[in-house]
Structures are given as C-alpha cells and as structure tokens.
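Encoded as structure tokens, the structure appears first; notes follow it.
In each ligand, atom 1 is the first atom listed, and ligand 1 is the first ligand listed.
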Amino acid sequence: MEANRIYNFNPGPSMLPLEVLKEAQAEFLNFQETGMSILEISHRAKAYDEVHNQAKADILELMGLGDDYDVLFIQGGASLQFDMIPMNFATPEKRGNYILSGSFATKAYKEAEILGRGYVAASSKDQDFKHVPTQDEIKLSDDAAYLHVCYNNTIYGTEYHYIPETGNVPLIADMSSDILSRPLDFSKFSFIYAGVQKNLGPAGVVLVVAKKSMLEKSPEGLPTMLKYETFYNKNSLYNTPPAFCIYMVGKTAKWLKSKGGLKAMAEVNKKKAALVYDAIDSSDGFYRGHADKDSRSFMNVTFRLPSEELEKKFAAEALENGLSGVKGHRSVGGMRTSIYNAMPYEGCEKLADFMKKFKAANS
Ligand SMILES: *Cc1c(COP(=O)(O)O)cnc(C)c1O
C-alpha cells in the first residue's frame, strides 16, 4: 500500500486497483502518443475504438461467454436499468417477475410496478432480508416475461449461492456489487447488468452483458435512448459514450486477467470474507452478523455492535487506524464493510485485527 492511501471499505464508489490507477495516471497527459488525454479524445478516433472493443472482448472472455452474447455500455446508472428492463421486455400481459431480496431488488420491482408490469415471485422482506429466497420459495407467474434477481444485496450483505432455475423464462440479474468477483455459469443468465462503480471502475457507466437475441429488437413505441436495440446496433456509440469510464473498466478487466481471472479472484475474495466473518463468529456475540450464514455476501459484510454508541466509536476508531467507510447504510444501521475485488487481502487482515482489538477494549 502507498503511504498516503488508506483501506477504503466504501460500498460504491469504492476502491480501484492501485495498478490500474497508476497506469491511468502514467498515460494521462498523452494517451497512446495522441498528444491528448483519454478525456479529450474523440469517441470516433481509432485509439478510442480499440479501448472500447478490447474492453468488451476482455469482459466476455473473463465471463467465458461466446459470440451469442454482447456487451453494452449505457449511462444512467443501474437505476435506469430498473426502467429499461420492464420497458423493453415486459408488458401488462407478460409481467416481469421479481425476487425481493433487499433494497435495490425492491427498487427494481417498484419501477416495473409504475409501468403496471411487475409481479413478486418471492420475497424475504418478512425476514428482514436476512437471506435470499431459495429455489423452493420462487413462484413464477404464468405470464412471466423474465425473472429479475439482485444477485448481491449491497445494503443487507447477502448474495446468491445458487443460480435460480427458471425453465424457459429468461433470467435477468443485477450484479452491480458482485460483477466479475467469482466464476459462474454466466450462460444461464440471459441478461446481466452492473453499475461499474462498485467492482469495475468509476461511476458513470453501466455494463450490460446479454444474449444478442434479447437486444436485437426493442418495442417500437419506445424512445430511441431507452431501446437496447439502439445500443446494440451502434456498438454503444449511438451517442457520446463515457469514454473515461469505459477505459477504466477495460483496464480493470485486464488487471483481472493478469491476476488469473475470476477463479483466482474468487479464491482471494473467499479468504478475505472469511477473515471478517471469523472475527464476527468468534466474538461471543459482540458482533452480530445481519445475513444468515448460507446467504452471506463475499462482497459486503454487514454487522451490528451491542449499541449505537459503540457503532459510532467503532467507525471513528477504524478511521484512525486507516480503515475508512465502514458505516452501514442508513436504512439498516450498524456496520458494512465492502471488500470488492480491489480490496487487498491485507486490508481485510487489518480490519479483522482491528475488530478483535476493539472488542477486547470495549466488552
Ligand atoms: C449501487 C447499486 C445500484 C444502484 O446503482 P446506480 O448506478 O447508483 O444507479 C443498483 N443495484 C445494486 C445491486 C447496487 O449495489
């Protein structure tokens, strides 16, 4: 770690790999001998074209997907996808099915509801979103256009550890907070999207990875910028793309490849999460994890302390120890430590160590 950098446990925007930041810094003023920075270059220039297409290719390679899938870059955040998905894929007669497993899952469903196109196929709200619904709990409607899941629940700290079986119904996943963190059989998903600011880059672009058959044709009444077809037909260059964000996503994808890809990343991520969960489990109840053990997230570890006063103290002292952004979401309270791909193993070691010392001093 650089002397003046700290371990940043923020949920998003969040840490980026130091190597990626340094590379971007080194070529910032003169990108590939163009005499310009990537921020100033035309999105029609050849140098940009290579960045754009290489990022797409590297992402498909990391996910092990073939040419029946394509990658789109769209602005408006994951939140705009909550609207575009029901607009493109559902109708009042063929409703989008949703699993309510947390805040963003519910937000996605509410947008479909505004359009009169939503249906709740399962929910763990009654259990305070402590687990993600199991396969047995999922009841698709007869008219299901798709099943939408939020694969990692950033605020509650839960994550799917299975891929829902949906038969012929397309499976759509919001992977904003766990994209490219572990290998999965991505071919089971028809449509995956992620705001990149958690695991892949700076805020400003959403990554969509979807079957081409989902993207080729959008409903006719839709405005141009709300149609996936527009982005698909124009290689996400119908209008000016957020070139810097896509460039950073490309660099992060390369970094992932250099680390051994998703399998290697998942091994480190598992070890990182185990350090923090062990600190919770071995604390004799001083720390209480929010998530049920079988739904625990590898990316966001959520827990409470015996009192709100101690939680405030914990956050303040963590910061003094070079551990920032450990406070939980206002809707849940407590602590949340986000340990995405770019969080080094040493950061989690430091956190676990701090948790043990804090407990010893305050219980
Ligand atoms: C952060 C987050 C969102 C919201 O993303 P924006 O890009 O801010 O719209 C949606 N879904 C999940 C799972 C998230 O973690």
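- The aromatic ring centroids of F89 and Y228 lie less than 6.0 Å from each other.
- The shortest separation from a heavy atom of I155 to ligand 1 is not under 4.0 Å, leaving the residue out of contact.
- Residue N152 approaches ligand 1 through these ligand atoms, each under 4.0 Å from one of its heavy atoms: 13 (C).
- Summarising the geometry, atom OH belonging to Y156 is positioned 9.0 Å from atom OG belonging to S124; distances are rounded to the nearest 0.5 Å.
- Counting heavy atoms closer than 4.0 Å to ligand 1, residue L80 contributes nothing at all.
- Residue-level proximity to ligand 1 for F82 is carried by the side chain, the only part with a heavy atom below 4.0 angstrom.
- Side-chain atoms of E317 and N321 include no donor-acceptor pair closer than 3.5 Å.
- Counting only heavy atoms of the protein, atom 11 (N) of ligand 1 lies nearest to D174 OD2, 2.6 Å.
- Counting heavy atoms only, K198 comes closest to atom 2 (C) of ligand 1 of the residues K107, M175, K198.
- The residue from V196, I179, T154 that puts a heavy atom closest to atom 15 (O) of ligand 1 is T154.
- Residue, atom and distance of the protein heavy atom nearest to atom 8 (O) of ligand 1 are Q197 NE2, 3.4 Å.
- Among Y193, Y151, F104, the residue whose heavy atom lies nearest to atom 3 (C) of ligand 1 is F104.
- The ring pair (Phe, Tyr, Trp, His ring centres under 6.0 Å) test applied to F298 returns H161, not counting sequence neighbours.
- For the residue pair Y146/Y98, the side-chain donor-acceptor check at 3.5 Å is satisfied.
- The pair K46-E50 counts as a salt bridge, with a side-chain nitrogen and a carboxylate oxygen less than 4.0 angstrom apart.
- Applying the 4.0 Å criterion to heavy atoms of G77 picks out, from ligand 1, the atoms 7 (O), 9 (O).
- Side-chain atoms of N269 and K272 include a donor-acceptor pair closer than 3.5 Å.
- Scanning the protein heavy atoms around atom 9 (O) of ligand 1, the nearest turns out to be S79 OG, 2.6 Å.
- Residues meeting the ring pair (Phe, Tyr, Trp, His ring centres under 6.0 Å) test with F186, sequence neighbours left out: none.
- The closest protein non-hydrogen atom to atom 5 (O) of ligand 1 is A78 CB, 3.4 Å.
- Heavy-atom proximity to S176, at under 4.0 Å, picks out these atoms of ligand 1: 10 (C), 11 (N), 12 (C), 13 (C), 14 (C), 15 (O).
- For C150, every heavy-atom contact with ligand 1 shorter than 4.0 Å involves the side chain, none the backbone.
- Side-chain contact between M63 and V209: present, with at least one pair of heavy atoms (C-beta onward) separated by less than 4.5 Å.
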